[in-house]
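Order of appearance sets the numbers: ligands from 1, and atoms from 1 within every ligand.
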Amino acid sequence: MAVFTPVSLDDVAQWITQFPLGKALELKGISSGIENSNFFLTTERGEYVLTIFENLSFEQLPFYLNLMRHLADRGVLAPAPVANDKGELIVALHGKPASIVSKLEGRSQMDPQPVHCAAVGAMLAKMHLAGQDYALQQPNLRGLAWWHATTPEVLPFIPDEQAHLLRAEVHFQDAFAACDIYKQLQTGPVHADLFRNNVMFDGERLTGFFDFYFAGCDTWLFDVAVTVNDWCIDLDTGVLDTARVRALLDAYHAVRPFTAAEHTAWQPMLRAGALRFWLSRLYDFYRPREAEMLTPHDPGHFERILRERIATPAPGLF
Ligand SMILES: Nc1ncnc2c1ncn2[C@@H]1O[C@H](COP(=O)(O)OP(=O)(O)OP(=O)(O)O)[C@@H](O)[C@H]1O
Ligand SMILES: N[C@@H](CCO)C(=O)O
């Protein structure tokens, strides 16, 4: 269940007249997703997704919606937000912020092969390059500062062995973020949550990235690490599959060549990508929000990935 704010076709009929989309013909609630109310919206101009934001505010949303517009305008496959007659991408519906974006074709590929990983790697590099001249700034809100704020919140709940690993890894990442190599890494807008369920494929053809609501400015390499940690692993063990890693990295490198500094930073960055999701899953597990409707994701999955990245060097960037 993921429609928290019910909306009828009648509600939308008047509201949609401010958009250049013709009449609303059909509205269907989307059941997956736990953050927002999402609907497939068919209008005289085509198929769209209407989102009512349940947690993000009018002040927070422009960074994400304008980024999607910016990327879509530069040929990155991402949902393109539709502006109303005043040029606004975020418009109130039932008192909450809402937006209409283009609908991506296809479905998520939950059993990716090297061909899918290559498509993701190439589009990710294209996205990083296209984001270089994006004007708005926002840090990655799930970055180092958030790790520091959140670690003490979960430490009281977890066994000693996990607490030791968590403290040691945050300490390791502090040192990594302070080193000269880290400061040489290229930065810009990153998706920061590019998991299998946030990309659409039509067969082997990638049709788009979506769910940009963890995006922020961070190192491009962090985005690559998060993506590899989900797309290129055996889900039971967290062990990297070399064929998928190579396919993703080689395709990325062909569009935006990795630098020597990135090569050096790769192993610690894979650990950073694992720590970020271990910590957010621990937080959601032990400190569930009131509105949480679904079983929280398993933190153990990312603890395994983190331990595996510490123990076993990953294939190099190039
Ligand atoms: N632009 C789009 N085109 C096609 N389908 C979309 C689009 N945006 C969202 N969807 C569909 O809606 C579902 C829910 O969207 P999304 O994952 O963004 O939900 P959410 O509640 O915002 O976030 P979360 O994934 O964190 O629960 C997706 O799984 C996908 O099927
Ligand atoms: N991708 C995240 C969920 C939030 O988008 C996770 O798997 O923990």
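No donor-acceptor contact under 3.5 angstrom links the side chains of Thr259 and Gln186, judged on distance only. Arg276 and Ser280 form a side-chain donor-acceptor contact under 3.5 Å, judged by distance and modelled atom types alone. Under the 3.5 Å distance criterion, with hydrogens and angles disregarded, a donor-acceptor pair is assigned to the side chains of Gln60 and Ser57. When only modelled atom types and interatomic distance are considered, Glu54 and Ser37 share a side-chain donor-acceptor pair under 3.5 Å.
Each of the following atoms of ligand 1 lies closer than 4.0 Å to a heavy atom of Phe210: 8 (N), 9 (C), 17 (O), 28 (C), 30 (C). Atom numbering of ligand 1 starts at 1 in the shown order; those under 4.0 Å from a heavy atom of Asn36 are 21 (O), 22 (O). Annotation for ligand 1: atoms under 4.0 Å from non-hydrogen atoms of Asp211 are 16 (P), 17 (O), 18 (O), 23 (O), 24 (P), 25 (O), 26 (O). Close approach to Glu35 involves these atoms of ligand 1, each under 4.0 Å from a residue heavy atom: 20 (P), 21 (O), 22 (O), 23 (O), 26 (O), 27 (O). Each of the atoms 5 (N) of ligand 1 lies under 4.0 Å from some heavy atom of Phe40.
Pocket lining of ligand 2, defined as residues with a non-hydrogen atom under 4.0 Å away: Asp193, Phe195, Phe214, Phe277, Arg281, His297.
We find that Glu303 and Arg307 are joined by a salt bridge, their nearest charged nitrogen and carboxylate oxygen being less than 4.0 Å apart. Between Arg205 and Asp202 there is a salt bridge, since at least one side-chain N of the basic residue sits less than 4.0 Å from a carboxylate O of the acidic one.
Heavy atoms of Asn38 found under 4.0 angstrom from ligand 1 belong exclusively to the side chain. Contacts between Pro79 and ligand 1 below 4.0 angstrom, taking non-hydrogen atoms only, involve the side chain exclusively. Contact annotation: for Met200 versus ligand 1, heavy atoms closer than 4.0 Å belong to the side chain alone. Contacts between Leu104 and ligand 1 below 4.0 angstrom, taking non-hydrogen atoms only, involve backbone and side chain alike. If you look at Tyr213 next to ligand 1, there are no close heavy atoms at all, none under 4.0 Å.
Pairs of residues two or more places apart, or lying in two chains, that qualify as side-chain hydrogen bond (donor to acceptor under 3.5 Å, both in side chains) and include a residue from residues 174-183 are His148-Asp174.
For Asn197, there are no side-chain hydrogen bond (donor to acceptor under 3.5 Å, both in side chains) partners, not counting sequence neighbours. Taking Tyr252 as the reference, His128, Arg256 meet the side-chain hydrogen bond (donor to acceptor under 3.5 Å, both in side chains) condition, with sequence neighbours excluded.
Ring centroids of His191 and Phe214 are separated by 6.0 Å or more, keeping the two rings apart.
The distance criterion of under 3.5 Å between nitrogen or oxygen atoms is not met by Asn198 with respect to ligand 1. Residue-to-ligand polar distances keep Lys103 apart from ligand 1: every N/O pair is separated by 3.5 Å or more. Backbone and side-chain nitrogen or oxygen atoms of Ser102 are examined, and one is located within less than 3.5 angstrom of a nitrogen or oxygen of ligand 1.
Val49 and Leu25 are assigned to two separate hydrophobic clusters, defined by single-linkage of ILVMFWY side chains at heavy-atom distances under 4.5 Å.
Phe258 and His253 have parallel rings, their planes meeting at less than 30° on a 0 to 90° scale where 60° marks the start of perpendicular.
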